[in-house]
Amino acid sequence: MFDIVMTKLHELMIILYAISILLYFIDFLHQNQKANQYAFWLLAIVWVLQTIFLFMYVFRTGRFPVLTLFEGLYFYAWVLITLSLVINKILRVDFTVFFTNIIGFIIMAIHTFAPVQMPSVAMSERLISELLFIHITMAIFSYAAFSFSFVFSLLYLLQYKLLKKKKWSHRLWRLNDLSKLEKMSYVLNMIGVPMLILSLILGLQWAFIKLSTFHWYDSKIIGSFIVLVIYSFILYFRERKNMFGKSLALWNVAAFLVVLINFFLISRLSAFHFWYS
């Protein structure tokens, strides 16, 4: 019972850590102070829980947890989170904080979902299933964000066309103004990209643990990374290249078509994403 509770708490930490990274990503792009504060306090909760578990482990074993790879990963994740909190509070280097937390999330996920820590095969299998569940849930949330972003881009193009043709019909008044539609599309992409990154991290870990033969060139993995790169470039062009309006909306529509191809077509060619078949 104790092992199950500890596992659930570690999974809760993974979820809180993922939300924190999402907020740090928003702050990284937008210098959003409120998002940074929420991210900081969520990460602080993760740090407190980790510190408690660390002291409990030291008290139970009577030694510092660095003698095995499994112990070292946990301590390494704790050090990264500690440094991230210190850097965020003192130096305010957003780029460093975000990517440090990505590394910390990877290390913490490897530790949390490692089957070797479970006392029985049944609990180990259950842990791996929960890893898969979190991976799929995050992927679906990211695809949902991209879907809504696509809808807002379509509405933008529709409104743009109506305005160009000076068709002042009732449909025009039912749509939001162009700036709001563009902003909503952008915000949803900001949510979808980090969610997809975290989903890929957990999905790759599941594949390494569960599959006897794992290939990086699997069609689904390549397709997912292509989607990630395309949407990352859209965010980059929006932020650094000052690409706005109709051009950005068209890029966003094209990007969603790649999402659909990846989800419905490429998944069928994958060696292990058989649940889409």
Starting at [atom1] of [X], measure out to [atom2] of [Y] and round the result to the nearest 0.5 Å.
{"X": "L80", "Y": "L85", "atom1": "CG", "atom2": "CG", "result": "11.0 Å"}
{"X": "L132", "Y": "L202", "atom1": "CG", "atom2": "CG", "result": "10.0 Å"}
{"X": "M190", "Y": "R238", "atom1": "CE", "atom2": "CZ", "result": "8.5 Å"}
{"X": "L198", "Y": "F25", "atom1": "CG", "atom2": "CZ", "result": "10.5 Å"}
{"X": "L250", "Y": "L154", "atom1": "CG", "atom2": "CG", "result": "10.0 Å"}
{"X": "L157", "Y": "N252", "atom1": "CG", "atom2": "CG", "result": "9.5 Å"}

### Task
Could I get the full list of side-chain contact (heavy atoms from CB on, under 4.5 Å) partners for T51, not counting sequence neighbours?
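For T51, the residues satisfying side-chain contact (heavy atoms from CB on, under 4.5 Å) (neighbours in sequence not counted) are W47, F55, W78.
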#### Entry: For F141, all residues meeting side-chain contact (heavy atoms from CB on, under 4.5 Å), sequence neighbours excluded
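Counting only residues at least two positions away or on another chain, F141 forms a side-chain contact (heavy atoms from CB on, under 4.5 Å) with T137, M195.
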### Query
Only one of W251, F150, F146, Y231 clears ring pair (Phe, Tyr, Trp, His ring centres under 6.0 Å) with F256; which?
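With F256 as partner, W251, F150, F146, Y231 yield a single ring pair (Phe, Tyr, Trp, His ring centres under 6.0 Å), made by F150.
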List in chain and number order the residues that pass side chain to side chain donor-acceptor pair (under 3.5 Å) with [X], two or more places apart in sequence or in another chain; answer none if no residue qualifies.
{"X": "S232", "value": "none"}
{"X": "Y17", "value": "N101"}
{"X": "S20", "value": "none"}

In the structure I gave you, are the side-chain heavy atoms of [X] and [Y] within less than 4.5 Å of one another anywhere?
{"X": "I106", "Y": "Q205", "result": "no"}
{"X": "K183", "Y": "F152", "result": "no"}
{"X": "M138", "Y": "L196", "result": "no"}
{"X": "I201", "Y": "I197", "result": "yes"}
{"X": "Y156", "Y": "E182", "result": "yes"}
{"X": "F75", "Y": "I107", "result": "no"}
{"X": "N262", "Y": "I226", "result": "no"}
{"X": "L42", "Y": "L23", "result": "yes"}

Heavy-atom pair of closest approach, residues [X] and [Y]:
{"X": "S149", "Y": "L188", "result": "N-CD1, 3.6 Å"}
{"X": "T100", "Y": "S84", "result": "CG2-CB, 4.3 Å"}
{"X": "D27", "Y": "Q33", "result": "OD1-N, 4.2 Å"}

### Task
Test H135 against L200 for side chain to side chain contact (heavy atoms under 4.5 Å, CB included), laying out the working first.
CA-CA 7 Å; H135 154 65; L200 286 172; 5.6 Å; no
### Message
Run the side chain to side chain donor-acceptor pair (under 3.5 Å) test on S199 and S142 for me, step by step, so that the C-alpha distance in whole Å, both residues' side-chain angles and the decisive distance to 0.1 Å come before the verdict.
### Response
CA-CA 8 Å; S199 170; S142 69; 5.7 Å; no
### Query
With F148, which residues qualify under ring-ring contact (aromatic ring centres under 6.0 Å, His included), at least two apart?
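Partners of F148 under the ring-ring contact (aromatic ring centres under 6.0 Å, His included) test: none.
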#### Entry: Trace of the side chain to side chain contact (heavy atoms under 4.5 Å, CB included) decision for L235 with Y186
CA-CA 7 Å; L235 291 179; Y186 172 65; 3.6 Å; yes
### Query
Looking at F98 versus F28, is the centre-to-centre ring distance below 6.0 Å?
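Ring centroids of F98 and F28 are less than 6.0 Å from each other.
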### Task
State, without any angle test, whether S185 and S153 hold a side-chain donor-acceptor pair at a distance under 3.5 Å.
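The answer is yes; a qualifying pair exists.
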### Message
Would you say that more than 12 heavy atoms from the other residues, nucleotides or ligands in this model lie under 6.0 Å from the OH of Y38, or not?
### Response
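No, OH of Y38 has 12 or fewer neighbouring heavy atoms, counting only those of other groups under 6.0 Å.
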